[in-house]
Amino acid sequence: MRLATWNVNSVTARLPRLLDWLAAVEPDVVCLQETKTAEFPAKEVGALGYEVAAHGNGRWNGVAVLSRVGLTDVSSGYPGEPGFPDPEARALGATCDGVRVWSVYVPNGRTVDDPHYAYKLAWLAALTGALTPEVAAYERLAVCGDFNVAPTDRDVWDPKAFVGATHVTEPERAALAGLRDVGLVDVLPRPLKGDNPFTYWDYRAGMFHQDMGMRIDLVYATAPLAGAVTDAYIDREARKGKGPSDHAPIIVDF
DNA sequence: ATGCCTTATTTCATAAGA
């Protein structure tokens with residue numbers, strides 16, 4: 001199976017690129033984040049053979065799972081999911097050919113003194129609680145998406161530039177450790193160029209071209225699934241050219 | 001080369017992203 005995850009920063013704005021990318025990469029299952037629409041273009045991706053499960057409310061957030069190998073047991077959100085104040089469209093689970101897949105878009109957090117930061121930590125803690133029985137129930141499970149946390153200092157272009165900022169704080173990294181503690185493994189993708197496994201580069205100031213990025217998109221898989229991985233890479237080609245997302249897709253073969 | 005913000009909306013300004 002070829003599994004991919006991509007924060008597309010609006011599936012509407014990215015649709016032509018998404019369709020070209022699907023045809024070129026031919027993933028079996030795709031987790032999307034920041035779809036930013038209540039009306040997912042299911043017909044267009046359906047023409048390429050994909051079933052769609054989408055969870056979106058409009059302008060912000062939005063997640064989806066596409067599959068050409070079956071799509072059952074769809075869960076929008078998870079039990080006990082925190083909100084701001086109401087739950088947002090940030091998590092979607094589905095079973096595809098026996099693999100349990102979650103597409104997640106973790107709250108940004110903004111700044112450490114912002115209420116959104118506490119919301120982010122609460123959301124990650126509740127996600128971990130909701131996934132614990134899923135990890136027990138499904139031998140092959142992957143949580144894919146934009147976690148908005150760089151797991152280590154090697155996952156940001158310059159740790160000094162992030163002192164005091166979100167995405168690198170100890171509590172955020174501890175939240176990721178909590179996910180690993182319930183049995184999930186960080187599937188580290190290889191970069192196609194250079195040594196940095198970044199998945200996100202800000203649109204501004206030529207950050208991509210200087211490789212000033214971050215690894216905040218992650219694939220967390222159960223050990224049996226992680227052990228079956230034959231390749232995992234970051235498709236930086238998708239970050240190039242006219243009208244890209246600010247995130248690159250991660251592609252995992254197993 | 002890879003090229004210097006982008007998105008949807010309560011649209012000509014704003015909030016959010018990270």
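In this text the structure is predicted, and so the values were computed from the model without any measurement. Naming: A, B, ... by sequence-line order, numbering from 1 per chain.
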What nucleic acid atoms does [X] come within less than 4.0 Å of, heavy atoms only: base, sugar-phosphate, or nothing?
| X | answer |
| --- | --- |
| A:His167 | sugar-phosphate |
| A:Glu34 | sugar-phosphate |
| A:Thr37 | nothing |
| A:Asp217 | nothing |
| A:Thr166 | nothing |
| A:Tyr105 | sugar-phosphate |
| A:Met214 | sugar-phosphate |
| A:Gly241 | sugar-phosphate |

Starting at atom [atom1] of [X], determine the distance to atom [atom2] of [N], rounded to an integer number of angstrom.
| X | N | atom1 | atom2 | result |
| --- | --- | --- | --- | --- |
| A:Phe147 | B:dA18 | CZ | P | 14 Å |
| A:His116 | B:dA18 | NE2 | P | 12 Å |
| A:Gln210 | B:dC4 | CD | C1' | 8 Å |
| A:Asn108 | B:dA16 | CG | P | 11 Å |
| A:Asn61 | B:dA15 | CG | P | 17 Å |
| A:Tyr200 | B:dT7 | OH | P | 13 Å |
| A:Arg90 | B:dG17 | CZ | P | 7 Å |
| A:Phe84 | B:dA15 | CZ | C1' | 13 Å |

Could you tell me whether [X] and [Y] have their ring centroids closer than 6.0 angstrom?
| X | Y | answer |
| --- | --- | --- |
| A:Phe84 | A:His116 | yes |
| A:Trp6 | A:Trp21 | yes |
| A:Tyr105 | A:Trp60 | no |

- Query: Would you say A:Trp123 and A:Tyr220 are hydrophobically clustered, going by side-chain heavy atoms of ILVMFWY under 4.5 Å?
  - Reply: yes

- Query: Of all the choices, B:dG3, B:dT7, B:dA18, which nucleotide is nearest to the side chain of A:Asp146 once you look at every atom?
  - Reply: B:dA18

- Item | Of the listed nucleotides B:dA18, B:dT7, B:dT2, the one nearest the side chain of A:Arg14 | B:dT7

- Item | Residues A:Arg215 and A:Asp186 bridged, charged N to O under 4.0 Å | yes

When the [atom1] atoms of [M] and [N] are compared, how many Å lie between them, rounded to an integer?
| N | M | atom1 | result |
| --- | --- | --- | --- |
| B:dT10 | B:dA15 | C1' | 11 Å |
| B:dG3 | B:dA13 | C1' | 28 Å |
| B:dA16 | B:dT11 | C1' | 16 Å |
| B:dT7 | B:dA1 | C1' | 27 Å |
| B:dT2 | B:dC12 | C1' | 32 Å |

- Using only heavy-atom distances, determine whether the side chains of A:Asn7 and A:Glu34 contain a donor-acceptor pair under 3.5 Å. yes

- Message: On DNA chain B, does the nearest nucleotide to A:Ile216 precede the nearest nucleotide to A:Lys193 from the 5' side, or the other way round? Give the residue.
- Response: A:Lys193

- Of A:Lys36 and A:Arg239, whose closest DNA chain B nucleotide lies nearer the 5' terminus? A:Arg239

- Is it true that a side-chain atom of A:Asp86 and a backbone atom of A:Gly83 form a donor plus acceptor pair closer than 3.5 Å? no

If the cut-off is 4.0 Å, is [X] near the phosphate of [N], judged by side-chain N/O to OP1 or OP2?
| X | N | answer |
| --- | --- | --- |
| A:Arg204 | B:dA18 | no |
| A:His247 | B:dG17 | no |
| A:Asn148 | B:dA18 | yes |
| A:Arg110 | B:dA18 | no |

- Between the base of B:dT14 and the side chain of A:Arg59, is there a donor-acceptor distance below 3.5 Å? yes

